[in-house]
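Take a look at the structure below.
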Amino acid sequence: MAHRARSVLSIRPFRRLWGVTYLCSVGDWLALLALTGLVTQATEDYKAQSFAFAGVVLTQLLPGLLFAPLGGLFADRFDRRKVMVCADVGRFGLLLSIAIVGSPLWLFIGNFLVGCCALLWIPSKDAAVPNLLRRPDQVETANQLGMVMTYGIAVISAGGLYAAITGINTNFSLQSAASEAGATRLVLFIVAALYLASAVTIATRIPELSRRVSTAPVAPDPDKPDTSGGFGAMVRDAARFVRTSPLVRGLLIGMIGAFVAAGALVGSSQVYATSVLGGQASFGLLFVALFIGLATGMGGAPKLARKLPRNRLFGIAIVTAGLDLLLVALSPHLVVSLITVAILGMCAGAAFLTGVTIIGTEVDDSIRGRINAIYQSLMKIIFAGGMALTPVLVGLVAPHSITLFGRSMIVDGTRPVLLGAGLLATVMGVLAYRQMDDRRSETIMSDLRAAISRKPRRRASGLLIAIEGNTHIDTSTQATLLAEWLRGNSGTEVLLAADPALDDVRLRTVLTGAGLNSARAHALVAAAVRADLVEREIQPALDRGAVVVMERFVDSPLAHLSVAAGLDPTELEGLADWATERLRPDITVLLDRDPATLTPRAGNAEHHWHVQSVLTDMAAADPDRYVVVDGDGSATDVHDRVLIAVRTTMAGRRLTEFALTEAR
């Protein structure tokens, strides 16, 4: 995780956006605390004070309930950087006016308008994040970093800062109402300054937020979303996209079940804590267990995603959460409740991160803002509706005490409500799984066994080593030498495989026979040949436990095609992922050769400079998988460096089952 986080944070635009996320998240939490404090200080009526927090939260959620698609429409239609700047400037002015005016009525009106600005800011930020990254597989790590910042670091910072500022009254014995209101208004001035700093940073330091990139869309080309029409056309386009995309449709179905369950749990948590006879402290313990589970689930989801496809992982997480909520409803003891609630949090965290990652990697950039807005808005609507409806349903059942296994247990309205929510979440999870699953030929039990076991199912006990580089001569020579060395110094089968795009006989036969000349046709045929090689030779060898040395597996062909033909690297990588079923080498050796040393026969020097730059960027983006070797010098010298790099990497990863002996 640390390596992946460093590789993502090494990208300057994302790092700056991450800092902006910190400023705005601290501002969001500080504003919530400060506005609640102002409302409480504005009245002495106890009942009115008790509704202060709920009123502030409701007025900020209300824009999402009323204008759900608006933020997504703006994110897809206009320059996202300008939308975010305008939203931040709006929040700056509104919070400044709330602090100056001081009227409770304007506080709620202004807070509602602040929520409208957030409704524009969040979809634009979420839709822009994938365009700042180097590779699609970094989206998940970027989402993790964003959630850690929003719900972890920012919460702690905001709480500490609020306590420090409002604690001035106690520290300096200033107990008057005026001093309390002054400290709270000071917090609002600070929040306004944070939003202004965010606007300035976005406007002057992150121009990349305006970038538009076409990713591998879920929808077919004839149905590709466009933003050429008006807002009404964009709304219809988004609705049609959801209807015609099983992946997105399943995502929204599963999310409905998940947040109905979450709303029921949160809405009934206070009464439920009493029913398990744990006292008032049990309410706090249940929330601690839930958030520990959420953090664990978000942290563990990427590891599961390496063994289990995300479209299956999402549905399984929802189904497991629903079944676990049934256990929460039937729990006779606080200890059982804490365990089951923690498991529920783990499933919810994994599902939420997986869902956001699917949107970032599988939905085309032209419609990603609208899908993000729908996802976020439905989450708020369902969660808020579940919280509001739950107390009403709980009140329909009178509590009574029963004895179970010699211990008293209170059965009240929380139990049937949680049972119903658990059943609904389970059914929705099953429907989502069936909608999203694209691997019907492979049983879910085989994927579950792979997820639970330490070894990926598809990889068995084999090892895939890829030799990547600028020229075919270099990669072919080093792949051959490495395979020969492994055959003589390892106790297992060794297969040498070549880049299928270099198989002139097969490739040119297909291209010539079909009359294909374009660069895209070349890329598609090369992918087809690569898919055939993976299915016929590489995967069976890995399943047998063999070591496969692959010359130019994916990265070098991708770099050459993107530079030579001007094709989008993201599209090419999506094509390669599909062709290889996301098979990636255990070790990728990148031969880092100075293009200036290449012979004239090696081709255009400028082309090779660009290719080497693309390959170097790939290695920098994924340091866990790459090992960069100096490719200059004689073939023997380079071979010695490759051996040292491979043996060191294998030893570091504890791949000693291949019984490599000492070099001769």
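Quick note: numbers below take in every heavy atom, side chains included, and nothing from hydrogens, waters or symmetry partners.
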CA sep, side-chain torsions, deciding dist, call: Asn131, Arg80, side-chain contact (heavy atoms from CB on, under 4.5 Å): CA-CA 11 Å; Asn131 299 343; Arg80 289 167 182 159; 3.5 Å; yes

What closest approach, in Å, do [X] and [Y] show between heavy atoms, and which atom pair accounts for it?
| X | Y | result |
| --- | --- | --- |
| Leu209 | Ala128 | CD2-CB, 3.8 Å |
| Ala142 | Val129 | CB-CG1, 4.0 Å |
| Ala466 | Pro585 | CB-CG, 3.6 Å |
| Gly322 | Ala425 | CA-CB, 3.8 Å |
| Phe314 | Ala432 | CE2-CB, 4.5 Å |
| Ile473 | Thr477 | O-OG1, 2.8 Å |

Test side-chain contact (heavy atoms from CB on, under 4.5 Å) applied to Val430 and Ile316, Ile253, Val319, the passing residue: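 Testing Val430 for a side-chain contact (heavy atoms from CB on, under 4.5 Å) against Ile316, Ile253, Val319 leaves exactly one candidate, Val319.
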
Using a 3.5 Å distance criterion without hydrogens, assess whether the side chain of [X] forms a donor-acceptor pair with backbone atoms of [Y].
| X | Y | result |
| --- | --- | --- |
| Arg641 | Val629 | no |
| Gln478 | His639 | yes |
| Gln144 | Met298 | yes |
| Asn311 | Met436 | yes |
| Asp76 | Arg370 | yes |
| Asp592 | Gly631 | no |
| Asp586 | Leu463 | no |

Side chain proximity check, [X] to [Y], heavy atoms < 4.5 angstrom:
| X | Y | result |
| --- | --- | --- |
| Leu294 | Met346 | no |
| Val589 | Val646 | yes |
| Val627 | Leu590 | no |
| Met428 | Tyr433 | no |
| Glu208 | Leu17 | no |
| Val638 | Asp630 | no |
| Val549 | Leu486 | yes |
| Met147 | Phe352 | yes |

Near Glu535 CD, under 6.0 Å, is it more than 12 heavy atoms from other residues, nucleotides or ligands?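 Check fails, neighbour count at 12 or below.
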
Before you tell me yes or no, could you show the steps for Met550 and Ile538 under side-chain contact (heavy atoms from CB on, under 4.5 Å), namely the whole-Å CA-CA distance, both residues' side-chain angles and the distance that decides it to 0.1 Å? CA-CA 9 Å; Met550 178 72 187; Ile538 296 176; 3.7 Å; yes

Output the distance between atom [atom1] ([X]) and atom [atom2] ([Y]), rounded to the nearest 0.5 Å.
| X | Y | atom1 | atom2 | value |
| --- | --- | --- | --- | --- |
| Thr141 | Arg6 | OG1 | CZ | 12.0 Å |
| Leu496 | Glu537 | CG | CD | 10.0 Å |
| Ile318 | Leu431 | CD1 | CG | 12.0 Å |
| Asp474 | Arg552 | CG | CZ | 10.0 Å |
| Arg647 | Trp485 | CZ | CH2 | 5.0 Å |
| Leu313 | Thr320 | CG | OG1 | 9.0 Å |

For the pair Val8 and Trp18, evaluate side-chain contact (heavy atoms from CB on, under 4.5 Å) and give the outcome as yes or no after the intermediate values. CA-CA 10 Å; Val8 172; Trp18 200 53; over 6 Å; no

Hey, are Glu468 and Thr588 close enough side-chain-wise for a donor-acceptor pair under 3.5 Å?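 Absent: no donor and acceptor within the cut-off.
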
What's the verdict on side-chain contact (heavy atoms from CB on, under 4.5 Å) for Glu493 and Val547, showing C-alpha distance, side-chain angles and the deciding distance? CA-CA 6 Å; Glu493 174 191 356; Val547 178; over 6 Å; no

Residue list, side-chain contact (heavy atoms from CB on, under 4.5 Å) with Ala342, at least two apart or on another chain: Ala289

